[in-house]
Amino acid sequence: MFDGAKWIYSEQGKLDQVSITSRCAGDMDCSDCIVPSPDYIYRKGTSKYIISGSGPVSEPLNSQECSEKISSVGILRLESFYFTVQKMRGLTGIDFSTLYIDTCYGTLRTNRIMDKIFRSQSAAHLKLLNGTEEQVNIKYFVAHIGDYSSGISLGLQSYFKLYKIPQISYGSTSTWLNDRLQHPYFLRNVPADNHQATSMIAVAKKIGLKQIGVIHTDSAYGKNGANLVVDAAIEGGICITYIQSLAREDPNAANNIAVNMSHEAGVGKLPRGLIYFGEMEYVTELFFQIRANDPNWKVRGNFFIGSEAWGALTSVVQGVEDLAYGSMPLAFSDIFFNWTVEGTNYFAQYVETVTENEKRENPYFGKFWQQHYECYLQQDLFTPFNKPCDPRCQLTDPNTCAATDSVYFEEIAAKNGVQAGLSIAYAIKEVKELCGEDESEECIFDKYRDDLFQFIKTTMIPRDILSRRKTYRPFQDDGNGNNNYLVYNLIKLDGSLRYTNVYSIEAGTINELQPPLFFRNGQIDTATLSDQCFTCGCLRGTGEKANGDEPTTSTQHPESKTASTIHSESPWLLPLLIVIAALMLVLITAIVISQKLARRGRKNAENRE
């Protein structure tokens with residue numbers, strides 16, 4: 001267990017859940033103990049003003065509940081939030097309070113939490129880890145950093161825009177968030193999905209494909225992204241021959257798609273390259289189902305062009321590396337901000353220095369540590385592991401202890417979160433100048449509240465974590481991030497999988513860094529990459545539809561359909577609407593005329609009488 005700044009662990013060989021007593025037993029103060037994972041972490045600083053954040057720390061159980069599994073990606077994003085707030089405190093001299101919500105990718109869960117917090121119009125109801133509930137004036141919320149999910153950011157906006165709380169997302173890419181009338185206090189330092197869809201089609205064309213398949217999840221992110229890919233394919237002259245939607249709540253969805261791909265390939269109707277647009281955890285499950293149901297996947301040399309949610313994360317393909325060779329996921333470009341200077345990763349350094357006391361700020365960390373090293377801390381009675389945790393383990397050095405997976409300290413979403421926090425901090429410094437001799441926090445966050453948002457939107461920040469030279473603007477005039485991506489290629493090198501950069505995409509222009517490699521049977525395919533779907537017809541894109549087939553699931557949000565997309569999906573709809581309108585006009589005219597004739601008839605009858 002933890003004791004102050006020292007690690008103490010039990011020497012017994014096996015955890016006895018009956019004999020070990022938790023430090024939280026009886027009347028003991030539980031604020032320093034590892035507690036069951038809460039919905040959120042609220043910590044008070046000396047300032048009443050709050051920096052809030054959100055992201056998926058736990059892995060989802062369903063749309064409303066989190067599992068007990070803490071992901072390494074989630075814990076690093078959470079740690080990057082505290083790292084960010086530490087930097088913000090140093091730059092502004094303000095000891096902010098903090099609130100961080102574990103969304104675990106659950107839109108309904110997040111809405112439920114927000115309903116509890118904002119259940120009254122003037123005060124937020126926040127609970128400390130010791131169970132004490134406080135009512136906090138809503139105007140004390142300075143800004144929110146998050147979320148990664150587009151669906152969750154849309155839900156958060158229904159609260160934040162009401163109270164004029166700036167929200168900066170480090171990963172929400174849906175074009176539905178482009179509407180600044182609906183989301184006036186929303187910013188993001190990543191590009192919108194229309195740019196990503198165009199980039200994915202540009203990659204397909206660059207490697208010589210004329211046909212492509214699309215697999216997407218049924219989330220807001222997946223559906224809208226797939227629809228944008230379709231639009232980009234039509235514009236770019238690429239024929240989409242295969243479309244499937246993966247239902248996240250259906251446990252058999254990935255299995256069914258893998259079976260379907262195997263069948264379609266057997267009759268010559270599956271293209272070699274497929275675009276995957278969806279959350280990272282579902283492509284992992286899809287790969288496992290491909291192994292179980294599609295024995296010829298590697299023989300055919302199929303591969304994915306993946307959306308940025310996949311990015312450069314090795315955990316996405318852990319255990320299925322041999323099936324992922326040749327795939328090309330996109331990732332947000334991180335060339336504009338760097339937390340590694342002269343070989344020192346300052347974020348990783350921060351994580352290592354706070355590890356022993358992390359429970360004071362982050363009750364998720366103890367649970368992650370136990371799962372990561374398959375060990376137990378004495379005060380946790382619910383871990384299934386039977387060896388004590390070794391305090392000498394270091395996340396940055398996998399050789400110190402055997403871990404269940406690797407920790408990637410250059411995760412781009414975590415970097416974007418730091419970048420968002422620096423934007424807020426430098427904007428606060430500019431507002432301070434407006435306050436002049438009034439050094440009160442009320443001047444900054446009450447008197448100049450609207451000005452603060454505009455300063456965040458236009459502020460310049462340094463390009464690395466140590467610099468003070470402000471040379472980079474994270475947000476464009478429309479409130480979106482710069483349109484820049486890196487394209488990775490998953491290759492086999494010395495018998496293991498490696499991510500290598502093959503393309504950079506800047507402002508829509510694709511640049512080759514090195515030629516990508518493609519594989520058949522686990523070996524490099526030296527032949528020129530070509531389409532192999534000889535009997536395919538175009539479902540969407542250039543050419544005619546194949547036998548009138550359409551995707552089984554709409555890839556467009558009902559509220560986002562334009563007249564052009566409605567007309568393209570149903571070419572008879574517009575003429576039918578015109579006919580109906582004409583008939584209604586005739587009917588209305590006939591009714592008016594008949595009423596006039598009836599009145600005239602009654603008047604004539606009265607005159608005769």
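Hydrogens, waters and symmetry mates play no part in the numbers below; they use all other heavy atoms, side chains included.
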Output the distance between atom CE (Met114) and atom CD1 (Ile117), rounded to the nearest 0.5 Å. 6.0 Å
More than 12 foreign heavy atoms under 6.0 Å from CD of Glu133: is that the case here?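 For Glu133, atom CD is crowded (more than 12 foreign heavy atoms under 6.0 Å).
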Does a donor on one side chain sit under 3.5 Å from an acceptor on the other, for Ser245 and Asp218?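 Result is no, nothing qualifies.
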Tell me if the NZ atom of Lys127 is crowded by more than 12 foreign heavy atoms within 6.0 Å.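 Open: at most 12 neighbouring heavy atoms sit under 6.0 Å from NZ of Lys127.
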Side chain to side chain contact (heavy atoms under 4.5 Å, CB included) partners for Asp477, two or more places apart: Arg473
Is there side-chain contact between Tyr346 and Thr340, with heavy atoms separated by less than 4.5 Å? no
Worked verdict on Val73 versus Tyr148 for side chain to side chain contact (heavy atoms under 4.5 Å, CB included): CA-CA 12 Å; Val73 173; Tyr148 185 78; over 6 Å; no
Contact between Tyr100 and Tyr40 at the side-chain level, heavy atoms closer than 4.5 Å - yes or no? no
Return yes if some donor-acceptor pair links the side-chain N/O of Arg109 with the main-chain N/O of Asp102 below 3.5 Å, else return no. yes
Anything under 30° is parallel, anything over 60° is perpendicular, the rest tilted; go ahead and classify Tyr140 against Tyr49. perpendicular
Evaluate whether atom CZ of Arg469 has more than 12 neighbouring non-hydrogen atoms of other residues, nucleotides or ligands under 6.0 angstrom away. no
Side chains of Leu395 and Tyr373, heavy atoms from C-beta outward: is any pair under 4.5 Å?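 Of all side-chain heavy-atom pairs linking Tyr373 with Leu395, at least one is under 4.5 Å.
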Pairwise side-chain contact, Ile70 with Ser58, heavy-atom cut-off 4.5 Å (strictly under):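 When only atoms from C-beta onward are counted, Ser58 and Ile70 do touch, with a gap below 4.5 Å.
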Could you check whether any side-chain N or O of Asn189 sits under 3.5 Å from a backbone N or O of Asn416, counting only pairs where one atom can act as donor and the other as acceptor? yes
Give a yes or no answer on whether the side chain of Asp95 reaches the backbone of Gly45 with a donor-acceptor pair at less than 3.5 Å. no
After noting the C-alpha distance and the side-chain angles of Glu65 and Arg112, does the key distance pass the salt bridge (Lys or Arg N to Asp or Glu O under 4.0 Å) rule? CA-CA 11 Å; Glu65 298 176 287; Arg112 173 178 57 79; over 6 Å; no
Are the aromatic rings of Phe118 and Tyr163 close, with centres under 6.0 Å apart?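 Distance test on ring centres: under 6.0 Å, yes.
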Please check this pair: side chain of Ser172 against backbone of Gly151, looking for a donor-acceptor N/O pair closer than 3.5 Å. no
Do Asn194 and Thr175 have a side chain donor and acceptor closer than 3.5 Å?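 Per modelled atom types, Asn194 and Thr175 side chains form no pair under 3.5 Å.
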For Lys432, does the NZ atom sit with more than 12 other heavy atoms under 6.0 Å from it, leaving out its own atoms? yes
Between the CD1 atom in Ile428 and the CD1 atom in Ile51, the distance rounded to the nearest 0.5 Å is 5.5 Å
Just checking Lys164: does its NZ atom have more than 12 heavy atoms from other residues, nucleotides or ligands closer to it than 6.0 angstrom? no
What are the two closest non-hydrogen atoms of Leu126 and Val136, and how far apart are they?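 Heavy atoms only, the tightest pair is CD1-CG2, 4.0 Å.
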Checking Thr132 against Asn130: is there a side-chain donor and acceptor pair closer than 3.5 Å? yes
What about Phe453 and Tyr185, are their ring centers closer than 6.0 Å?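 When the ring centroids of Phe453 and Tyr185 are compared, they turn out to be within the sub-6.0 Å range.
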Step-by-step side chain to side chain contact (heavy atoms under 4.5 Å, CB included) determination, Leu422 to Tyr472: CA-CA 11 Å; Leu422 292 178; Tyr472 171 58; over 6 Å; no
So, does Ser150 use its side chain to make a donor-acceptor pair with the main chain of Ser174 at under 3.5 Å?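 A pair under 3.5 Å: yes.
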Taking atom types as modelled and ignoring hydrogens, do the side chains of Glu279 and Thr217 form a donor-acceptor contact shorter than 3.5 angstrom?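 There is such a pair (donor and acceptor under 3.5 Å, judged by atom type) between the side chains of Glu279 and Thr217.
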Find out whether Pro166 and Leu187 are in side-chain contact, i.e. whether some heavy atom of one side chain is under 4.5 Å from a heavy atom of the other.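 No; the side chains remain at least 4.5 Å from each other.
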Are the side chain of Ser169 and the backbone of Gly171 linked by a donor-acceptor contact shorter than 3.5 Å? yes
First locate atom CZ of Phe141, then atom CD1 of Ile165, and finally report the distance between them rounded to the nearest 0.5 Å.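 CD1 of Ile165 is found 6.0 Å from CZ of Phe141.
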What class does the angle between the rings of Phe83 and Tyr350 fall in, given that below 30° is parallel, 30 to 60° is tilted and above 60° is perpendicular? tilted
Hey, mind stepping through Val85 and Phe81 against side chain to side chain contact (heavy atoms under 4.5 Å, CB included) and telling me if it holds? CA-CA 6 Å; Val85 174; Phe81 172 76; 3.9 Å; yes
Taking the side chain from Gln371 and the backbone from Glu68, do they hold a donor-acceptor pair closer than 3.5 Å? yes
Between Glu430, Gln454, Lys429, which is the residue that forms a side chain to side chain donor-acceptor pair (under 3.5 Å) with Thr459?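 So, applying the side chain to side chain donor-acceptor pair (under 3.5 Å) to Thr459 and each of Glu430, Gln454, Lys429, only Glu430 qualifies.
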Nearest heavy-atom contact between Tyr170 and Gly417 is CB-N, 3.7 Å
Separation of Ile138 CD1 from His125 NE2 (nearest 0.5 Å): 8.0 Å
Shortest non-hydrogen contact between Ile145 and Ala420, atoms and distance: CG2-CB, 4.1 Å
How far apart are the closest heavy atoms of Gly311 and Tyr499, and which atoms are they? O-CE2, 3.4 Å
Can you check whether Tyr221 and Phe277 have ring centres sitting under 6.0 Å from each other?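 Yes; Phe277 has its ring centre under 6.0 Å from that of Tyr221.
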Between the side chains of Glu442 and Lys48, is the shortest nitrogen-to-carboxylate-oxygen separation below 4.0 Å, so that they form an ion pair?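 Yes, this pair counts.
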Reported CZ-to-OG1 distance for the pair Arg77 and Thr84, which is rounded to 0.5 angstrom: 13.0 Å
Between the side chains of His144 and Ser54, is a donor N or O closer than 3.5 angstrom to an acceptor N or O? yes
Measuring from Ile424:CD1 to Thr92:OG1, what's the distance to the nearest 0.5 Å?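 The distance works out to 10.5 Å.
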Shortest non-hydrogen contact from Asp147 toward Gly55: OD1-N, 3.2 Å
Does Ser423 reach the main-chain N or O of Gln419 with its side chain, forming a donor-acceptor pair under 3.5 Å? yes
Please walk me through it: do His195 and Tyr485 pass side chain to side chain contact (heavy atoms under 4.5 Å, CB included)? CA-CA 10 Å; His195 297 298; Tyr485 299 92; 3.9 Å; yes
Minimum heavy-atom separation for Gln167 and Ser153, please, with both atom names.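 Closest approach of Gln167 to Ser153: NE2-OG, 3.2 Å.
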Test item: side-chain donor near acceptor, Asn178 and Arg188, under 3.5 Å: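 Arg188 and Asn178 do have a side-chain donor-acceptor pair below 3.5 Å.
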Are any non-hydrogen side-chain atoms of Phe332 and Lys415 less than 4.5 angstrom apart?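 Not in contact.
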Less than 4.5 Å apart, any side-chain heavy atom of Pro191 and any of Gln196? no
Non-hydrogen side-chain atoms of Asn345 and Trp339 separated by less than 4.5 Å: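 Counting from C-beta outward, Asn345 and Trp339 do come under 4.5 Å.
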Salt-bridge criterion met for Lys69 and Glu281 (N-O under 4.0 Å):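 Looking at Glu281 together with Lys69, the answer is no, because their closest N to O distance does not fall below 4.0 Å.
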